[in-house]
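Remember, it's 1-based here, ligands and their atoms both numbered in the order they're listed.
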Amino acid sequence: MKFEKNILCIGAGYVGGPTMAMIAHECPQYKVTIVDINPDRIAQWNSDSLPIYEPGLDELVKATRDRNLFFSTDIEQGIRENDIIFVSVNTPTKTFGTGAGMAADLQYWEKTARQILEHSTSPKIVIEKSTLPVRTAHAMERILNSTQKSVRFDVLSNPEFLAEGTAINDLKNPDRVLIGSRETEEGLKARNALVEIYANWVPRKKIITANIWSSELSKLVSNAFLAQRVSSINAISALCEKTEADVSEVAKAVGSDSRIGSRFLNASIGFGGSCFKKDILNLVYLCRHYGLDDVADYWEGVIKINFYQQERFVQNMLTAMFNTLAGKRICLFGFAFKANTGDTRESPAIYVARRLLEEQAEVVITDPKALDNARIDLANAQGKIHFVDDPYEAAKGCHAIAIMTEWALYGELDYARLYRDAEKPAFIFDGRNILDPQHCFEVGFNVFSIGKRPRTHF
Ligand code: NAD
Ligand code: UGA
């Protein structure tokens with residue numbers, strides 16, 4: 001069959017997989033190929049057991065795979081045969097050399113740029129889908145134009161705003177699609193080609209165009225603003241605990257102001273995920289690079305509060321449980337960084353589990369989708385750790401239950417039964433404020449929520 005366009009995506013991860021599956025689904029007239037250097041990942045994408053858990057993704061892949069969606073390890077052939085190339089390789093925080101712990105590590109990105117240059121024999125539109133420091137497109141263009149090759153390359157920025165757990169809906173009904181380009185004749189032509197792809201299912205008024213630097217920067221700033229809201233309410237949760245104000249009531253009152261809005265005001269054990277911390281660190285690094293230390297300090301505060309909130313949670317457990325956790329069995333309900341994903345990257349549960357082990361507690365972990373990743377995350381942790389599928393089994397004989405992830409199922413358990421099977425006095429620390437604290441108190445638990453007064457029997 002002859003397809004209207006041939007589209008390639010390099011990087012078959014949490015972004016590349018769902019994003020390209022959506023394009024293939026909404027545009028049966030295009031052929032979409034996803035390539036990756038990791039053959040195991042590609043084999044999983046080609047199997048019945050996809051490498052990532054995302055509600056609705058299985059159905060999308062089943063409907064498109066081997067029809068107009070293909071997964072392959074042949075990156076070179078992919079580059080040769082496709083003229084529109086999305087790049088969604090990982091851009092983690094650098095762990096070595098200048099900028100270690102702050103700057104984005106661009107080695108995977110640069111390797112891809114060089115590979116595109118080497119194997120291209122026809123003009124290409126290269127699209128930054130990964131989150132990148134502002135002005136990366138400039139570096140990309142310099143690499144692509146570094147030889148005498150007469151092939152034309154146009155670089156666009158098209159950052160992805162999907163959130164894990166809701167990725168399919170976010171892709172199907174995005175708040176906006178952002179496309180940044182050079183404002184030259186060729187740049188605008190490339191931009192229009194990408195607009196046409198999205199216009200197959202996204203209303204045109206939601207497709208925002210911008211200059212390429214605004215587009216790159218907007219992605220970092222979007223994540224920084226979202227994370228800032230979580231840190232803001234988490235900072236206030238500490239004050240609530242000192243003053244008998246209730247953080248949920250405060251969030252509701254504050255968020256009802258339409259200028260502020262109600263979303264991203266759920267106080268929690270802290271934000272996790274592969275991007276918030278990484279992208280803010282990247283923003284902070286860029287500000288320092290440009291000599292904007294006050295601006296850098298401002299954004300660094302968002303990360304400091306996030307760390308403070310995680311440690312505060314552990315300190316609250318220690319204080320409540322008579323200043324020692326040694327030998328106590330503590331059950332973590334959830335390990336994923338948020339509900340409806342198996343992803344545990346930067347999950348606050350990793351920090352809490354490690355701190356509890358340091359305090360010589362025995363840690364039992366349960367999660368409906370993230371236990372495999374939890375085992376990997378804690379592979380080198382010292383101490384007694386158990387991984388248990390069933391939450392009732394996991395909590396049996398425990399001194400405390402700590403809610404780490406807001407999975408709906410944890411709100412629906414029988415807390416009277418959990419109390420009966422718990423070691424007494426029994427504690428609940430609700431790191432997500434998903435439980436009814438009064439009910440849990442009435443069945444016997446001592447209940448500590450985030451930003452609310454404790455309910456204790458002593
Ligand atoms: P990921 O680690 O899940 O996937 C990246 C993939 O790229 C991996 O499968 C890896 O094997 C592959 N890869 C690395 N180098 C390669 C190369 N040279 N050639 C071919 N494949 C290569 O990462 P992710 O979560 O999909 O994130 C990718 C980018 O998207 C990051 O910049 C991230 O900040 C951004 N982003 C992520 C999310 C999210 O929800 N995870 C949302 C928006 C944006
Ligand atoms: C986030 C952004 O929401 C996406 O727009 C962006 O594309 C993505 O990062 C990215 O660049 O990777 P994601 O990390 O998947 O998406 O999930 P979020 O829903 O943003 O949650 C992030 C963290 O904040 C989670 O740990 C969540 O539990 C926490 N959170 C969120 C709160 O603690 N309180 C809230 O009110 C909201």
J.: Quick one: look at R263 and ligand 2, take heavy-atom pairs under 4.0 Å, and tell me if it's side chain, backbone, both or neither.
T.: neither
J.: Taking the non-hydrogen atoms of L226, is any one of them nearer than 4.0 angstrom to ligand 2?
T.: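 Yes, L226 has a heavy atom closer than 4.0 Å to ligand 2.
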J.: Are a donor atom and an acceptor atom from the side chains of T95 and D105 found within less than 3.5 Å of each other?
T.: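 No, D105 and T95 have no side-chain donor paired with an acceptor closer than 3.5 Å.
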J.: Give the single entry among F264, F161, Y14, F271 that approaches atom 31 (C) of ligand 2 most closely by any heavy atom.
T.: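 Looking at heavy atoms only, the winner is F264.
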J.: Specify the protein heavy atom at minimum distance from atom 25 (C) of ligand 2: its residue, its atom name, and the distance to 0.1 Å.
T.: F337 O, 3.5 Å
J.: Check the orientation of Y53 and W407. Use parallel for under 30°, tilted for 30 to 60°, and perpendicular for over 60°.
T.: tilted
J.: Answer yes or no: is there an ion pair linking E164 with K338, defined by an N-O contact shorter than 4.0 Å?
T.: no
J.: For L371, check side chain to side chain contact (heavy atoms under 4.5 Å, CB included) against everything at least two apart and list the hits.
T.: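 In terms of side chain to side chain contact (heavy atoms under 4.5 Å, CB included), with neighbours along the sequence ignored, L371 is linked to I365, D367, R375, F387, D389.
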J.: Test of understanding: given a 4.0 Å heavy-atom threshold, classify the contact between N223 and ligand 2 as side chain, backbone, both, or neither.
T.: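 Side chain only.
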J.: I need the I179 CD1 to I127 CD1 distance, nearest 0.5 Å.
T.: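 It is 8.0 Å, given to the nearest 0.5 Å.
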J.: Identify which of R229, R432, Q309, K338 has a heavy atom lying nearest to atom 17 (O) of ligand 2.
T.: K338
J.: Verify side-chain hydrogen bond (donor to acceptor under 3.5 Å, both in side chains) between R312 and Q309, making sure each step is shown before the conclusion.
T.: CA-CA 5 Å; R312 205 169 73 75; Q309 188 75 348; 3.1 Å; yes
J.: If we only count N/O pairs under 3.5 Å, is G272 in contact with ligand 2?
T.: yes
J.: Please tell me if the side chains of V250 and C240 come closer than 4.5 Å, counting only heavy atoms from C-beta onward.
T.: yes
J.: State the atoms of ligand 2, each with its element, that fall below the 4.0 Å cut-off from a heavy-atom position in K219.
T.: 6 (C), 7 (O), 10 (C), 11 (O)
J.: How about E160 and Y14: does a side-chain donor come under 3.5 Å of a side-chain acceptor?
T.: no
J.: Check each atom of ligand 2 against the heavy atoms of E160 and keep those under 4.0 Å away; list them by number with element.
T.: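 Those of ligand 2 that fall under 4.0 Å from E160 are 7 (O).
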J.: Filter the ligand 1-protein atom pairs down to N or O on both sides and distance under 3.5 Å, then list them.
T.:
{"unit_1": "ligand 1", "atom_1": "3 (O)", "unit_2": "Y14", "atom_2": "N", "d": "3.2"}
{"unit_1": "ligand 1", "atom_1": "3 (O)", "unit_2": "R41", "atom_2": "NH1", "d": "3.2"}
{"unit_1": "ligand 1", "atom_1": "4 (O)", "unit_2": "R41", "atom_2": "NH1", "d": "3.3"}
{"unit_1": "ligand 1", "atom_1": "9 (O)", "unit_2": "D36", "atom_2": "OD1", "d": "3.4"}
{"unit_1": "ligand 1", "atom_1": "9 (O)", "unit_2": "D36", "atom_2": "OD2", "d": "2.6"}
{"unit_1": "ligand 1", "atom_1": "9 (O)", "unit_2": "R41", "atom_2": "NH1", "d": "2.8"}
{"unit_1": "ligand 1", "atom_1": "11 (O)", "unit_2": "D36", "atom_2": "OD1", "d": "2.6"}
{"unit_1": "ligand 1", "atom_1": "18 (N)", "unit_2": "T112", "atom_2": "OG1", "d": "3.4"}
{"unit_1": "ligand 1", "atom_1": "21 (N)", "unit_2": "I37", "atom_2": "N", "d": "3.3"}
{"unit_1": "ligand 1", "atom_1": "25 (O)", "unit_2": "R345", "atom_2": "NH1", "d": "3.4"}
{"unit_1": "ligand 1", "atom_1": "25 (O)", "unit_2": "R345", "atom_2": "NH2", "d": "3.0"}
{"unit_1": "ligand 1", "atom_1": "26 (O)", "unit_2": "Y14", "atom_2": "N", "d": "3.0"}
{"unit_1": "ligand 1", "atom_1": "26 (O)", "unit_2": "V15", "atom_2": "N", "d": "2.9"}
{"unit_1": "ligand 1", "atom_1": "32 (O)", "unit_2": "T91", "atom_2": "OG1", "d": "2.5"}
{"unit_1": "ligand 1", "atom_1": "32 (O)", "unit_2": "T131", "atom_2": "N", "d": "2.9"}
{"unit_1": "ligand 1", "atom_1": "34 (O)", "unit_2": "T131", "atom_2": "OG1", "d": "3.4"}
{"unit_1": "ligand 1", "atom_1": "34 (O)", "unit_2": "K278", "atom_2": "NZ", "d": "2.6"}
{"unit_1": "ligand 1", "atom_1": "40 (O)", "unit_2": "E164", "atom_2": "OE2", "d": "3.2"}
{"unit_1": "ligand 1", "atom_1": "41 (N)", "unit_2": "E164", "atom_2": "OE2", "d": "2.9"}

J.: Run the numbers for me: atoms of ligand 2, each under 4.0 Å from some heavy atom of E164, listed by number.
T.: 15 (O)
J.: Below 4.0 angstrom, N of the basic side chain to O of the carboxylate: do E128 and K219 qualify?
T.: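 No, E128 and K219 are not salt-bridged.
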J.: When you check the side-chain N and O atoms of S222 and R176, is any donor under 3.5 Å from an acceptor?
T.: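 There is such a pair (donor and acceptor under 3.5 Å, judged by atom type) between the side chains of S222 and R176.
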J.: For atom 12 (O) of ligand 2, what is the nearest protein heavy atom, given as residue, atom name and distance?
T.: C275 SG, 2.7 Å
J.: Of all the non-hydrogen atoms in the protein, which one sits nearest to atom 8 (C) of ligand 2, and at what distance?
T.: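 Sorting protein heavy atoms by distance from atom 8 (C) of ligand 2 puts L162 O, 3.5 Å first.
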J.: Please work out, at 4.0 Å between heavy atoms, whether the side chain, the backbone, both, or neither of N266 comes within that distance of ligand 2.
T.: both
J.: Are any of the N or O atoms of G273 closer than 3.5 Å to those of ligand 2?
T.: no
J.: Distance to 0.1 Å, residue and atom name: give those for the protein heavy atom nearest to atom 22 (C) of ligand 2.
T.: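 So the nearest neighbour among protein heavy atoms is F276 CE2, 3.6 Å.
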J.: At a 4.0 Å threshold, what atoms of ligand 2 neighbour a non-hydrogen atom of V230?
T.: 30 (N), 31 (C), 32 (C), 33 (O), 34 (N), 35 (C), 37 (C)
J.: Just which atoms of ligand 2 are under 4.0 Å from any heavy atom in L265?
T.: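 In order of number, 36 (O).
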J.: Side chain of E54, backbone of T166: donor and acceptor closer than 3.5 Å?
T.: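 Yes, because the side chain of E54 sits within donor-acceptor range (under 3.5 Å) of the backbone of T166.
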J.: If you draw the axis of the six-membered ring of F86, does the NZ or CZ of K129 fall within 45° of it and under 6.0 Å from the ring centre?
T.: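 Relative to the ring axis of F86, which defines the angle, K129 lies outside at least one limit.
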J.: Heavy atoms only: give me the nearest A336-T344 pair and the separation to one decimal.
T.: CA-CG2, 4.1 Å
J.: Less than 4.0 angstrom from a charged side-chain N to a carboxylate O is my criterion; do R114 and E110 meet it?
T.: yes
J.: Looking at K124 and I79, what are the two nearest heavy atoms and their distance?
T.: NZ-O, 2.7 Å
J.: Look at atom 33 (O) of ligand 2 and say which protein heavy atom is nearest, naming residue and atom and giving the distance to 0.1 Å.
T.: S268 OG, 2.6 Å
